[in-house]
Amino acid sequence: MRTTTAAVFLLFLFSVTKSSYLFGVANAAKEPVLDTDGEELRTGVEYYIVSSIWGAGGGGLALGRSSSQKCPEMVVQRRSGDDGIPVTFSNVYSNDEIVRLSTDVNIEFLPIRPKLCLTSTVWKIADYDHTAGKWWVNTDGVIGNPGPNTVTSWFKIEKSGGVGYKFSFCPSVCESCVTLCSDVGRDSDIDGVVRLALTKEQGWPFVFKKLATRAREIEQVISN
């Protein structure tokens, strides 16, 4: 009996290990996302997410609030010239430090000011806004624990049609879940605040700028 039990356990362990290995290999084969320095995006490193369309295309992404929603804070876009608030990325595959295309990631703001809400600053898809007819991108998401309870907190990065990358919401962390599958674009709410929301059109293009790169740019402006 002990021999049979041990054999079943080893078979289960092998199946789990093999499955994890195959997922890891498939993920490693995906192309890495690159920042504005041409370097691979890495988990735990701070980046600004900035529109790849300058001028009228706006600036970077940040936390924001509206008259109708104080908490949790929203994901908004600031004006051109303002890089916004830095974020970090977390992979669904915790053993891979490189952020890759078409792979589930969590995105978390690292606010430089005290938080205005007790909720987390992790991106998530909010409940459907019937008044606006939108699925907005808010915060109060969850880092890690892929599955049905966190499915709204996972996003993917894809190449855009032009320069830069776009975000999509099409999570692969729960095979049994029925979820939306759309690009992430921009729209204005009733207060005129430009926010991220799911769209039926092409997602808005962004680039990723390391915090250190932004610091160098500021130093160059000051020195000149």
Side-chain angles (χ1 to χ4, degrees), residues 9 11-35 40-47 49 61 63 71-75 85-111 115 117-129 134-160 165-185 195-199 203-204 206 208:
F9 173 75
L11 179 60
F12 170 77
L13 181 62
F14 172 76
S15 299
V16 172
T17 304
K18 182 180 179 182
S19 176
S20 300
Y21 170 76
L22 291 176
F23 274 123
V25 169
N27 185 54
K30 293 180 179 178
E31 185 179 341
V33 179
L34 303 180
D35 63 22
E40 296 172 341
L41 233 64
R42 292 190 170 271
T43 58
V45 176
E46 297 179 36
Y47 297 92
I49 303 175
L61 300 182
L63 292 165
C71 294
E73 293 187 82
M74 314 171 301
V75 180
I85 296 175
V87 305
T88 57
F89 298 94
S90 300
N91 272 335
V92 66
Y93 304 105
S94 58
N95 61 335
D96 189 356
E97 297 180 352
I98 299 173
V99 179
R100 302 180 185 277
L101 294 175
S102 307
T103 301
D104 292 289
V105 294
N106 296 132
I107 308 169
E108 180 179 17
F109 280 118
L110 299 177
K115 289 172 57 178
C117 299
L118 297 177
T119 49
S120 79
T121 57
V122 180
W123 293 19
K124 70 172 289 187
I125 297 297
D127 293 336
Y128 186 69
D129 184 339
K134 296 292 180 183
W135 295 91
W136 299 110
V137 181
N138 277 357
T139 56
D140 198 26
V142 178
I143 292 286
N145 298 316
N149 294 328
T150 65
V151 71
T152 57
S153 299
W154 296 96
F155 295 82
K156 292 178 179 177
I157 301 173
E158 310 286 356
K159 284 186 174 180
S160 70
Y165 298 89
K166 64 181 180 178
F167 292 103
S168 70
F169 176 75
C170 194
S172 307
V173 297
C174 178
E175 294 182 358
S176 62
C177 297
V178 178
T179 65
L180 300 166
C181 193
S182 300
D183 278 1
V184 177
R195 305 173 53 179
L196 293 194
L198 299 189
T199 179
W204 193 260
F206 293 96
F208 307 102

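Since we're looking at a predicted model, the values are computed, not measured.
Residue F155 forms a side chain to side chain contact (heavy atoms under 4.5 Å, CB included) with just one option from I125, L196, D104, and that option is I125.
F89 and F208 have perpendicular rings, their planes meeting at more than 60° on a 0 to 90° scale where under 30° would count as parallel.
Panel note: side chain T199, backbone D183; no donor-acceptor pair is recorded below 3.5 Å. A donor-acceptor pair under 3.5 Å is formed between the side chain of S120 and the backbone N or O of G141. Put simply, the side chain of Y165 never gets that close to the backbone of L101: no donor and acceptor are under 3.5 Å apart.
A side-chain donor-acceptor contact under 3.5 Å links E158 and S102. In summary, the side chains of K156 and S172 do present a donor paired with an acceptor at a separation below 3.5 Å, with no hydrogens or angles considered. Defined by atom type and a distance below 3.5 Å, a donor-acceptor pair is present between the side-chain atoms of N138 and R195.
Atom CG in L110 sits 9.5 Å away from atom CD1 in I85 (nearest 0.5 Å). Note that the OG atom of S153 and the CD1 atom of I143 stand 8.0 Å from one another [nearest 0.5 Å]. If you take CG on N106 and OG1 on T43, they are separated by 11.0 Å, rounding to the nearest 0.5 Å. Taking CG of L118 as the start and CG of D140 as the end, the distance is 10.0 Å to the nearest 0.5 Å. We find the OG1-CD1 distance between T103 and I98 to be 11.0 Å, quoted to the nearest 0.5 Å. Between the CG atom of L180 and the CG atom of L198 there is a distance of 6.0 Å, given to the nearest 0.5 Å.
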- Task: Go through the steps for R100 and E40 under the test salt bridge (Lys or Arg N to Asp or Glu O under 4.0 Å), then give the verdict.
- Result: CA-CA 9 Å; R100 302 180 185 277; E40 296 172 341; 5.8 Å; no
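Ring-centre distance between W135 and F169: not below the 6.0 Å cut-off.
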